[in-house]
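Note that the numbering runs from 1 along the sequence shown for the chain. Model, not experiment: these values are computed from the prediction.
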Amino acid sequence: MEKKPYTPFNNKNKNLKKNNNSNNNNTTGFDYPSEKEKCKDFLNFFKCTDNGSETGNGFEKYVEMMKEITQKKRKNFDIELDDVYNFNKDPVFVESIENNTTTYLRLFTYALDELIPPPDLSSIRSAMDFNHNNNNNNNNNNNNNNNNNNNNNNDFDKNKEDQKFYQNSDMVLDLLASQRIQRKKILQEQNKLDPDSNEFDFPQEIIRRFELHFIPRKEKPIIPIRLIKSEQIGRLVTFSGVVTRVTDVKPLVVISLYTCDICGAEIFQEITSREFMPLFQCKSKQCTEGGKQAGNLTLQTRGSKFVKFQEIKVQEIANQVPIGHTPRSIKVYIRGELTRIASPGDIITMSGIFLPTPYTGHKAIKAGLLADTYIEAMQIIQHKKTYEQLDLSEEMLKRIHDESQNENIYEKLAMSLAPEIYGHLDVKKALLLMMVGGESKHMKDGMNIRGDINVCLMGDPGIAKSQLLKHIAKVAPRGIYTSGKGSSGVGLTAAVIKDSMTGEFVLEGGSLVLADMGICCIDEFDKMEDSDRTAIHEVMEQQTISIAKAGITTTLNARTSILAAANPAYGRYNFDRSPDENFRLPHSLLSRFDLLFLMVDKADMDNDRLLSEHVTYVHMHSKPPQLSFEPFDSEFIRAYVSQARKIIPPVPKDLTNYIVDSYITLRKQDSETKTPFTYTTARTLLGILRLSQAFARLKFSQQVSQEDVEESMRLMFVSKQSIRFKNEKKTPQNPSSIIYTLIKDHCALNNVKKVSIQDIKQKVFSSGFTEQHLYDCLNLYKSVLNTNSNFISLI
């Protein structure tokens with residue numbers, strides 16, 4: 001027998017429900033009518049001020065929300081449990097909602113059904129007629145001379161408005177419900193229909209235009225996914241995790257409408273589960289009276305109601321997983337306006353109802369009495385948003401503006417990155433520029449030039465490479481940390497798996513896809529298999545992942561910066577071997593890194609003492625030593641970088657020749673070196689431009705200056721400085737002595753006594769020195785160097 005839906009238009013069903021509820025009260029002890037009245041009182045009489053506290057003189061928060069739903073300005077109806085508690089200070093009522101969330105979700109829904117008026121046919125049509133009249137008047141005023149054409153235009157516009165009206169599924173369902181209400185009222189006035197007849201009744205879900213959600217209390221603790229157990233069934237739980245998989249948004253049928261082929265009756269079927277059996281035979285009075293043969297039913301999708309449905313999988317955050325355990329994951333069902341909020345790689349805090357669901361099909365035979373579980377989503381809060389999604393307060397914006405005026409903001413931000421790690425200031429500067437990045441270029445013919453900066457840290461063990469990677473992964477809005485030995489090519493790019501819902505093959509993104517618009521940190525880069533490492537080549541330059549697996553041929557976006565850490569081929573850098581033998585990485589991969597830092601652990605008494613003092617201080621006090629300023633926290637760095645990325649500084653035309661000369665100088669130095677550290681290619685020139693633009697962004701400059709180019713050249717030189725000298729003791733030299741040696745060597749190589757200042761500047765900048773160092777050298781060696789406006793001469 002088909003279950004009759006609850007409707008506010010059937011008085012007999014109302015009374016019957018009340019009687020049933022009163023009978024249930026004697027056995028279960030749960031008074032449904034009184035609880036429902038509590039819900040109605042809260043919705044009608046709760047008042048709050050602008051700051052959210054409940055007062056007697058505030059505005060009626062939920063009454064205003066109901067008005068917006070009636071006017072179709074709102075769909076989400078979020079009830080905050082803090083408001084429920086502040087209404088009557090009744091903790092028992094709030095705890096009942098938290099422990100029996102599904103029941104109270106239904107009670108609040110019934111209360112809203114009675115408080116929100118049903119759709120009226122006149123109000124629905126008035127909107128259409130108003131638009132038609134406006135269009136007709138406009139056409140009549142503009143085309144008084146062409147009456148025939150005017151009438152045709154009016155008919156055409158009216159048909160166009162009708163088509164637009166009927167394309168709105170909510171309007172169609174409202175129109176269908178209002179017609180049935182009006183038809184029933186007319187027949188009852190004419191005494192042609194019994195007052196207790198349910199012939200024209202329909203499910204209340206047809207005209208329900210709101211989505212009800214409970215927002216948990218603010219002091220409610222966030223529990224790990226592995227602690228959500230069977231005692232939480234039916235309760236409102238709040239947990240956090242990483243979104244690892246997201247399905248497409250698909251329509252889910254809630255109410256299906258059938259029409260009879262013989263009598264034309266309309267029959268509704270409420271669907272409360274993921275699977276249902278359609279109706280085939282009509283059960284109306286016209287078909288069942290007199291022994292007639294029942295007509296066949298035809299499903300009408302136009303009158304059925306569908307909601308948006310999406311399934312996601314949430315996995316435990318790494319710091320919540322106990323040592324030696326694998327991370328747990330849980331399925332989440334999302335409906336309506338909550339869909340499309342979360343994407344793979346997002347860290348979210350979610351509130352929902354923990355519910356069981358039986359297995360179906362062949363799985364039910366194997367499962368027996370076991371049931372699967374899922375979360376019915378109520379609220380989704382997204383953490384670590386992308387730079388474009390960050391909402392900054394006025395106070396934060398003012399603080400960013402004030403700090404940007406400081407001349408030392410570059411050094412301060414760099415030193416604020418992992419202050420527990422001693423030294424490596426230039427490495428931290430490079431990582432800061434990597435977070436800012438350059439501008440991605442999109443050509444008209446479809447070619448793209450990446451703006452993301454790739455950095456590789458190669459060095460001896462024990463110099464905090466992994467700690468730097470983990471810190472950057474935490475600071476970046478979308479940072480993914482992975483280890484090379486435990487990562488395969490499929491785990492980095494994408495895997496083809498079978499969808500549990502549809503049985504189709506779908507793509508599940510790997511680490512590089514999850515880090516889209518962020519940073520992917522790959523540790524132990526040298527220990528990856530060659531076949532797995534080649535999967536990164538396309539990502540590092542084209543920033544896409546091409547897939548051709550299991551009949552799926554597509555291209556995924558992987559607009560991410562790669563931060564890799566690796567050890568030399570022999571564990572430690574061997575100065576007796578060439579750089580190629582120490583790296584043992586293909587040049588096609590090394591050339592894709594804009595900066596390749598080689599960090600060699602050399603014994604030095606002064607540095608070793610400072611390092612040991614720093615490490616022991618951090619170990620004793622669990623904080624870094626006091627700096628000359630207060631280090632910025634991760635939130636400020638993230639906010640500052642987000643504001644810097646909004647600036648797009650162009651490269652001025654007068655700076656082009658300087659950049660070209662700098663690149664030519666680098667190429668010439670490589671040709672003069674027997675065993676170059678790395679080969680300078682056109683990618684190096686693009687790297688100079690990206691680093692220069694990132695430095696200009698960091699200073700909030702509106703265009704790239706020569707200082708920015710000099711800083712990018714200096715970083716490129718400093719990255720290779722640690723292996724420029726053999727592992728032997730050398731007398732330390734100051735910058736002036738080194739620059740004087742550069743001038744002498746240049747003159748001896750070209751067999752000249754006079755050299756252009758511009759040429760020497762190129763060599764000085766490419767060697768990691770500044771223009772001030774050059775002037776100090778000329779001042780110190782003025783007895784042997786003669787300087788005029790354009791040339792330097794040896795005396």
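Here F93 and Y104 bring their ring centres to under 6.0 angstrom of each other.
Salt-bridge annotation for E205 and R208: present, with a side-chain N of the basic residue lying under 4.0 Å from a carboxylate O of the acidic one.
The main-chain N or O of M277 is found under 3.5 Å from a side-chain atom of Q269 such that the two form a donor-acceptor pair. In this structure, the side chain of R209 does not engage the main chain of Q71 through any donor-acceptor pair within 3.5 Å. Not a single donor-acceptor pair under 3.5 Å links the side chain of D78 to the backbone N or O of I215.
Remark: K220 NZ is packed, more than 12 non-hydrogen atoms of other residues, nucleotides or ligands lying under 6.0 Å away. By the 6.0 Å contact criterion, NZ on K61 is enclosed, its count of non-hydrogen atoms from other residues, nucleotides or ligands being greater than 12.
Put simply, the residue from V253, I271, I255 that forms a side chain to side chain contact (heavy atoms under 4.5 Å, CB included) with K305 is I255. Each of K75, E64, E211, R74 was scored for a side chain to side chain contact (heavy atoms under 4.5 Å, CB included) with I69, with one residue passing: R74. Screening F45, Y62, F42 for a ring pair (Phe, Tyr, Trp, His ring centres under 6.0 Å) with F87, the sole residue that qualifies is F42.
Between the side chains of Q300 and T259, a donor-acceptor pair is found at a separation under 3.5 Å. In this structure, a donor-acceptor pair under 3.5 Å is present between the side chains of S240 and Q320. Using modelled atom types and a 3.5 Å distance limit, the side chains of T238 and S351 yield a donor-acceptor pair.
Residue pairs meeting the side chain to side chain donor-acceptor pair (under 3.5 Å) criterion with at least one partner in residues 225-235, sequence neighbours excluded, are R226-E316.
Applying the salt bridge (charged side-chain N to carboxylate O under 4.0 Å, His left out) rule to K398 yields the partners D402; only residues at least two apart in sequence or on another chain are considered.
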